[in-house]
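One structure is given below, encoded as structure tokens.
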Amino acid sequence: MNPVQDTIIGVEKITAGYKNTVVLQEVSFEIKRGEIFIILGESGSGKSTLLKLMIGLNKPLSGSILIEGQDIVSAEGDERLAILRKFGVMYQRGALFGSMTLLENVRLPLEEFTDLPPGAMDLIARMKLSLVGLKEFGGLLPAELSGGMQKRAAIARAMALDPRILFLDELSAGLDPVTSAELDHLVLSLAHNLGITFVIVTHELSSIYAIADRVIMLDKELKGILAIGSPRDLRDHSENKFVRRFFNRQGISDAPSEKFS
Amino acid sequence: MPNYGSSHMPESSSSSIHTSMIAPGVLGVKIIGRLDSLSTGSIWRETNLELDRTSPKQVIVDASEIEYCDGSGIGYLFELRRRLEKGGGELSIRGLHKEFQQLLDLFKPSEFEEPPEIKPESFGFFEKIGQSTGKICEEARALVEFVGETGTALLKALLNPKQVRWKDALLVAETAGVNALPVITLIGFLMGLIMAFQAAIPMRQFGAVIYVANLVGLSMVRELGPLMTAIVLAGRSGSAFAAELGTMKVNEEIDALVTMGLDPVKFLVVTRLLAAVIMTPLLTLFADLIGVLGGSIVLISLGYSLATYFRQIFSTVTYVDLLGGLFKSIVFGLLVAGIGCLRGLQTEIGASAVGESTTRAVVGGIVLIVAVDGIFSVVYYYLGI
Ligand SMILES: Nc1ncnc2c1ncn2[C@@H]1O[C@H](COP(=O)(O)OP(=O)(O)O)[C@@H](O)[C@H]1O
Ligand SMILES: [Mg+2]
């Protein structure tokens, strides 16, 4: 699939923070349709804040965030619902509903927002689970799964209504390297097969090299963007020594990208 | 030479300090042995005394015979340097082994300037009053907002019952209602029994034992049935609602609902409120009955027949009493479930947050029940109910 190079998310001059601190100051950038976009930065630099702004959970002090041209900051009511329908979110700890089985979790958005017959909902939910490799586990409760499986299930639920964008918070946090690599593979195949745009918070450098089209690096002091670009570009050509050093950390070979296409 | 492992004995006597004035204003300090967490304390104190006494411009530490130095030792040397430099003095350390020197160089005195960044929050009397008032106003605002949101959602649910997740509501009704039957039975029965027993003894002296039936019947149906049921509900279900929603908040499940476009109030609160509204009057009715049965035991044992007892009750307790009590219980159920859900949704981040919400839900629920019961008493009195 050839990603069309138009803008799917436009962040424009966002200033945001909490009670008496400003975390992000006049931050602007764009995310292209079909790309895998990674948010990086030291802890406390505002990654989660930025993600929460983009999915409309937090309101900025000023600025706008356009999702396919519609501003999620100012949208209300039905317009807001329409924007929410464009994306799915995988929360850091999965946020699966603990009292429901995996299948029920994935079914829930279908039940609430479609008028499909019950049998069809089941089938679609099972298909989503099979996309993330959990076909046989639909009957289990979230607590009965490992951390990696919970994240997969959360991705399946996020995809229930076929959104065009998936936000993944802390994709590899708390996972072993093997599971983390499996998730990378899942992301790549979903991006490749379904053309989904991914916005991912992660720190795993190997995973960044494996999947990222572009990376944004946030900085605490700057309250904004330290660097933005493809990881290889940043490693070789960034003006900032710290950025070059980060992308050059040991153990990362310059092996050709494992990306499809 | 550092001598790792030569002396494992963690005794404070394994180190010593010797001080002398080398020149006017120049203090010489020689430390021998281990500077570790066990021995540094006494050396630190001794040095402070010496510094206070002599207030030198310069201190020269002979460190060549320090054989081991851990974090406390580094802290000691660092503090010495910081203290002197702050007073415009100078510290030179001679002969400190390279490895310890490297450790010491990791810290820059300028990064440890006092006071530490965190400003102590001390407020004057009036600021405190202002803050508390602000908090109360905020709390009131949240309450009004919640009542409004919930009211709208409930109304919408009643106008459009298909949208309610009845399966969830039934599940809540089962745990909050059906499963509460044993404890309601126990408390209701004992309440009726004890009340009848306590009243029967003095009333027997006047030959008025039969009026115990009036007492038990009226007080159970009008007051104690609804009140007891509501308090049990607050303890069993108000707390459970707060804990459930609180855990969902902490687990980002509430966020997940919001970004799916689902309203948590509609999705989680309405089902619980509906379940409470349906179950509390039923439970109250049950409690009334069980309490009256409890009272009957006493009268039967005093020689009255069950038929007499019930005839007496039916002649005093009217439908108005019964419906008044049941209406009260519906309001109690709404309040208890509502405050449970509100506290759950207000849960903040952290391990203790859910526990706090639960406590606040139960305490808030009981306070509300008692306060509203008082209001009901006054209103019913004026309405002649
Ligand atoms: N709910 C909150 N209330 C107040 N301050 C917050 C809150 N969440 C985050 N912060 C602050 O905002 C800053 C950025 O946090 P966050 O976006 O979580 O960073 P990251 O995800 O990059 O680690 C931090 O300094 C943090 O203390
Ligand atoms: Mg974060």
Side-chain angles (χ1 to χ4, degrees), chain A residues 18-20 48 51-58 67 72 75 77-100 104-115 118 142-143 150-151 153-155 157-161 163 165-167 169-170, chain B residues 117-119 121 131 134-135 138 149 152-153 156-157 160 162-176 240-241 243-268 270-272 275 344-345 347-351 353-354:
Chain A
Y18 300 92
K19 264 179 197 136
N20 34 27
S48 300
L51 201 73
K52 282 189 183 141
L53 289 164
M54 288 200 274
I55 61 182
L57 276 180
N58 287 5
I67 296 188
I72 194 167
D78 285 346
E79 193 192 348
R80 184 181 155 81
L81 271 182
I83 302 177
L84 292 178
R85 203 60 37 74
K86 293 176 192 293
F87 60 78
V89 186
M90 185 207 77
Y91 291 86
Q92 188 168 340
R93 282 179 295 270
L96 295 165
F97 302 119
S99 57
M100 302 181 185
E104 287 169 337
N105 262 286
V106 182
R107 252 182 74 121
L108 178 73
L110 294 165
E111 280 170 26
E112 290 296 320
F113 295 114
T114 72
D115 52 1
Q150 286 186 6
K151 290 200 174 179
I155 292 177
R157 187 182 64 184
M159 291 197 315
L161 296 168
I165 309 164
L166 276 182
F167 292 96
D169 195 4
E170 303 277 356
Chain B
E117 284 291 298
I118 309 148
K119 283 168 264 161
E121 289 208 34
Q131 277 187 336
K135 252 189 210 144
E138 187 131 315
E149 264 182 69
T152 329
K156 272 192 196 154
N160 201 347
K162 265 195 197 150
Q163 287 208 343
V164 178
R165 295 179 63 86
W166 288 108
K167 218 179 82 190
D168 292 0
L170 280 180
L171 218 64
V172 179
E174 185 186 338
T175 46
F241 293 169
E244 281 164 18
L245 299 204
T247 310
M248 291 185 77
K249 178 90 181 272
V250 172
N251 282 343
E252 299 175 315
E253 289 173 46
I254 304 274
D255 286 350
L257 279 177
V258 172
T259 47
M260 271 182 202
L262 296 173
D263 178 11
V265 169
K266 178 188 150 196
F267 203 79
L268 302 169
V270 166
T271 46
R272 286 172 170 76
L345 289 178
T347 304
E348 287 173 14
I349 312 161
V354 176

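In the text below, chain A, chain B and the rest are named by the order of the sequence lines, each starting its count at 1. Computed from a predicted model, the values in this text were never measured in an experiment.
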*Salt bridge between Lys52(A) and Glu252(B), side-chain N to carboxylate O under 4.0 Å?*
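The answer is no: the pair does not qualify as a salt bridge.
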
Is it the backbone or the side chain of [X] that comes under 4.5 Å from a heavy atom of chain B, or both, or neither?
X	answer
Leu96(A)	backbone
Phe167(A)	neither
Glu111(A)	side chain
Leu57(A)	side chain

*Check whether any side-chain heavy atom of Arg157(A) sits under 4.5 Å from a side-chain heavy atom of Met260(B), and report yes or no.*
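With C-beta onward as the side chain, the pair touches.
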
*So do Thr152(B) and Val265(B) actually touch side chain to side chain, heavy atoms under 4.5 Å?*
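Answer no - side chains too far apart.
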
*With sequence neighbours excluded, what pairs up with Glu79(A) under the side chain to side chain contact (heavy atoms under 4.5 Å, CB included) test?*
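Checked Glu79(A) against side chain to side chain contact (heavy atoms under 4.5 Å, CB included); matches are Gln70(A), Ala75(A).
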
*Among all residues two or more places apart in sequence or in another chain, which pass the side chain to side chain contact (heavy atoms under 4.5 Å, CB included) test with Thr175(B)?*
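Residues passing side chain to side chain contact (heavy atoms under 4.5 Å, CB included) with Thr175(B): Asn179(B).
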
*Which answer fits Met248(B), side chain, backbone, both or neither, if we ask what part of it has an atom under 4.5 Å from a heavy atom of chain A?*
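Only the side chain of Met248(B) comes within 4.5 Å of chain A.
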
*Check each atom of Lys266(B) against the heavy atoms of chain A and say whether the ones under 4.5 Å are side chain, backbone, both or neither.*
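Answer is side chain: those atoms of Lys266(B) sit under 4.5 Å from chain A.
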
